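Working notes, structure below.
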Amino acid sequence: HHRFFFFLRRPPLSTLFTFTKLVLCKQWYQRRVRGRAERYVSILTVGAMVGAAVSSSLAIDHALAILVPLHTHWGLEQVFTDYVHIKALIPVIGILLKMLTGFTIVALLYFNQHDIGITQAVKDIWNIQRVKPEELS
């Protein structure tokens, strides 16, 4: 009858080591995939910015609307992870950061679709001429 209560016994040490190895491997794999994704997003962001400098299109504006907030999200997430030392705040900050990133992406996509777009807005900002005080009167 001791076979029926096998689940009440403590697992052998080798099982715990195997489980620990699996957890560490999963975390390593997730970090590896995340690191690759961050590198690809960085490269694509540079490419989209170069493309925006050469010619503006809705596709480039949409790419920038997704890539720049995503790149910024990952950077800020790392800053909060490194410098926020109150463990209870980290999940709250993570949720707020995800909400802000999502809102930013949606707002930029809306701006691209229903207004002049990111590329044209940046070009217009760069082309603003400084107004001299005597021209205001």
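Residues take their numbers from the sequence shown, with the count starting at 1. These figures come from a predicted structure and were not determined experimentally.
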Exercise. Could I get the full list of side-chain contact (heavy atoms from CB on, under 4.5 Å) partners for Ser42, not counting sequence neighbours?
Key: His71
Show me the donor-acceptor pairs, under 3.5 Å and distance only, between side chains in residues 81-98 and residues at least two apart or in other chains.
from, atom 1, to, atom 2, distance (Å)
Thr81, OG1, Glu77, O, 2.8
Asp82, OD1, Gln78, NE2, 3.2

Quiz item: For residues 57-76, which residue pairs qualify under salt bridge (Lys or Arg N to Asp or Glu O under 4.0 Å), counting only residues two or more places apart or in two chains?
Solution: none
Practice problem: Please name all residues satisfying side chain to side chain donor-acceptor pair (under 3.5 Å) with Asp124, sequence neighbours left out, ordered by chain then number. | Solution: Gln120
Quiz item: Are Val68 and Leu108 in one and the same hydrophobic cluster, where Ile, Leu, Val, Met, Phe, Trp and Tyr link if side-chain heavy atoms are under 4.5 Å apart?
Solution: yes
Self-check item: Residues forming a side chain to side chain donor-acceptor pair (under 3.5 Å) with Thr104, sequence neighbours excluded
Solution: none
Quiz item: Can you get from Leu64 to Leu109 by hopping between Ile, Leu, Val, Met, Phe, Trp and Tyr side chains that sit under 4.5 Å apart?
Solution: no
Quiz prompt | side-chain contact (heavy atoms from CB on, under 4.5 Å) partners for Leu58, two or more places apart | solution = His62, Asn112, Gln113
Practice problem: Might you point out which heavy atoms bring Ala52 and Thr119 nearest each other, and give the distance in Å? | Solution: O-CG2, 3.5 Å
Self-check item: Partner set under side-chain contact (heavy atoms from CB on, under 4.5 Å) for Arg36, not counting sequence neighbours
Solution: Arg32, Arg39, Tyr40
Quiz prompt | Members sharing Ile43's hydrophobic cluster (side chains within less than 4.5 Å) | solution = none
Self-check item: Residue list, side chain to side chain donor-acceptor pair (under 3.5 Å) with Asn127, at least two apart or on another chain
Solution: none
Exercise. If a pair satisfies ring pair (Phe, Tyr, Trp, His ring centres under 6.0 Å) and one of its residues is in residues 88-116, list it, with sequence neighbours excluded.
Key: Tyr110-His114
Quiz prompt | Partner set under side-chain contact (heavy atoms from CB on, under 4.5 Å) for Leu67, not counting sequence neighbours | solution = Val41, Leu44, Thr45, Ala48, Ala63
Quiz item: In chain order, what residues pass the side chain to side chain donor-acceptor pair (under 3.5 Å) check against Thr101, with sequence neighbours excluded?
Solution: His73
Quiz item: Can you tell me how far CG of Leu70 sits from CD1 of Ile105, rounded to the nearest 0.5 angstrom?
Solution: 6.0 Å
